[in-house]
Amino acid sequence: MKNNQQAPSQTIFKLLEEMYPDAHCELNFSNPFQLLIATILSAQATDRKVNQITERLFQQYTTPQKLLRLTQEELEQSIKEIGLYHNKAKNILATCRILVEKHQGDVPRNFEELTELPGVGRKTANVVLSNAFGIPALAVDTHVLRVSNRLGLATGKNPDLVEDQLKSLISRKKWSLAHHLLIWHGRRMCHAKRPECLLCPLQPFCSEAQSKASSAPHQ
DNA sequence: AACTCGGGGCA
DNA sequence: TGCCCAGAGTT
């Protein structure tokens, strides 16, 4: 643990809100089912590609019942522009079958039933809960993990523990906002490899910036 | 905890 | 070329 300057988490989140006043979910969605599918597709893929694919897909296949008209091979073809498409197509169709057979074609509204769906893990479940249903949730992905560690908001690489730490710092109403703020910061400035610490207003509170400053930068 | 899936974007 | 992308499942 570096002896970086400690700041109240409220200060950090306030600065993040000023930096990213427009932070929001960048996946297109008009209903819970479509957000669920888009989020399954988004694993290790760019959100821009996912938006392109889902925009096409949902023109015809707007519900699990309709999506099940596709064979796995046909679905694979329509999502082939992103990687991992074989597993994703298989998982999406299996998920659609469960939605139809056990949930009357609806998306369940709790973490346990969501994570029972093939292709839906802790991250996807939390995204659907917060963005589709407005249920307080804080999804911890690689960006949230990295940024919250650097800013001293959380410690460790276990997503469950980091989720608990972050939730304890923020009121329930702001869990989803905090998630999006940390994501946006991770994607726009606080990159894994070459974070733009010189431009970062949070630099005084950051262990990463401190360690970079004390070591000679190459290049 | 480490490994695999994976085509596309970007430097 | 090499690395990364709003992860999940298996070993």
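Proteins come first, then strands; the chains are lettered A, B, ... in the order of their sequence lines, and each starts at number 1. Heavy-atom basis, side chains included; hydrogens, waters and symmetry copies ignored.
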Review point. A/Arg69 side chain to A/Tyr61 main-chain N or O, any donor-acceptor pair under 3.5 Å?
Key: no

N/O to N/O distances under 3.5 Å, protein versus nucleotides 9-11 of chain B:
| from | atom 1 | to | atom 2 | distance (Å) |
| --- | --- | --- | --- | --- |
| B/dC10 | OP1 | A/Arg48 | NH1 | 3.4 |

Sub-3.5 Å pairs of nitrogen or oxygen atoms, protein against nucleotides 1-3 of chain C:
none

**Study point:** Donor-acceptor pair, side chain of A/Thr95 and main chain of A/Ile92, under 3.5 angstrom
**Key:** no

Point to revise | side-chain contact (heavy atoms from CB on, under 4.5 Å) partners of A/Glu26, counting only residues at least two apart | key: A/His24, A/Asp47, A/Trp184, A/Arg187, A/Arg188

Review point. Contacts to DNA chain B from residues 129-148 of chain A, heavy-atom cutoff under 4.0 Å, which residues?
Key: none

Review point. Closest approach of A/Ala38 and A/Val50, non-hydrogen atoms and distance?
Key: O-CG1, 3.4 Å

With 3.5 Å as the limit, what N/O pairs link the protein to nucleotides 8-11 of chain C?
| from | atom 1 | to | atom 2 | distance (Å) |
| --- | --- | --- | --- | --- |
| C/dA8 | OP1 | A/Gly121 | N | 3.0 |
| C/dA8 | OP1 | A/Thr124 | N | 2.8 |
| C/dA8 | OP1 | A/Thr124 | OG1 | 2.6 |
| C/dA8 | OP2 | A/Lys123 | N | 3.2 |
| C/dG9 | OP1 | A/Gly119 | N | 2.8 |

Exercise for review: Name every residue in residues 160-168 of chain A that has at least one heavy atom under 4.0 Å from any atom of DNA chain B, in order of residue number, or write none if there are no such residues.
Suggested key: none

Exercise for review: May I have the distance from A/Ile183 (atom CD1) to C/dC5 (atom C1'), rounded to whole angstrom?
Suggested key: 12 Å

Review point. Looking at DNA chain C, which of residues 170-181 of chain A put a heavy atom within less than 4.0 Å of it?
Key: A/His179, A/His180

**Study point:** Donor-acceptor under 3.5 Å (A/Asn51 side chain, A/Asn28 main chain)
**Key:** yes

Review point. For A/Lys174, does the NZ atom have more than 12 heavy-atom neighbours from other residues, nucleotides or ligands under 6.0 Å away?
Key: no

Only pairs under 3.5 Å count here: list side-chain donor-acceptor contacts from residues 102-111 of chain A, not counting sequence neighbours, and write none if there are none.
| from | atom 1 | to | atom 2 | distance (Å) |
| --- | --- | --- | --- | --- |
| A/Asn110 | OD1 | A/Glu112 | N | 3.3 |
| A/Asn110 | OD1 | A/Glu113 | N | 2.8 |
| A/Asn110 | ND2 | A/Glu113 | OE1 | 2.6 |

Point to revise | Length of the CD1-P vector between A/Ile53 and B/dG6, whole Å | key: 14 Å

**Study point:** Listed once per pair and sorted, the salt bridge (Lys or Arg N to Asp or Glu O under 4.0 Å) pairs that draw on residues 74-93 of chain A, sequence neighbours left out
**Key:** A/Lys49-A/Glu81, A/Arg56-A/Glu81

Practice item. Tell me, please, which residues at least two apart from A/Ser168 pass side-chain contact (heavy atoms from CB on, under 4.5 Å). Key: none

**Study point:** Non-neighbouring partners of A/Gln44 that pass side-chain hydrogen bond (donor to acceptor under 3.5 Å, both in side chains), sequence neighbours left out
**Key:** none

Revision key, fill the gap. Expected list for residues 75-90 of chain A near DNA chain B, using heavy atoms below 4.0 Å, is A/Lys80, A/Glu81, A/Ile82, A/Gly83, A/Leu84, A/Tyr85, A/His86, A/Asn87

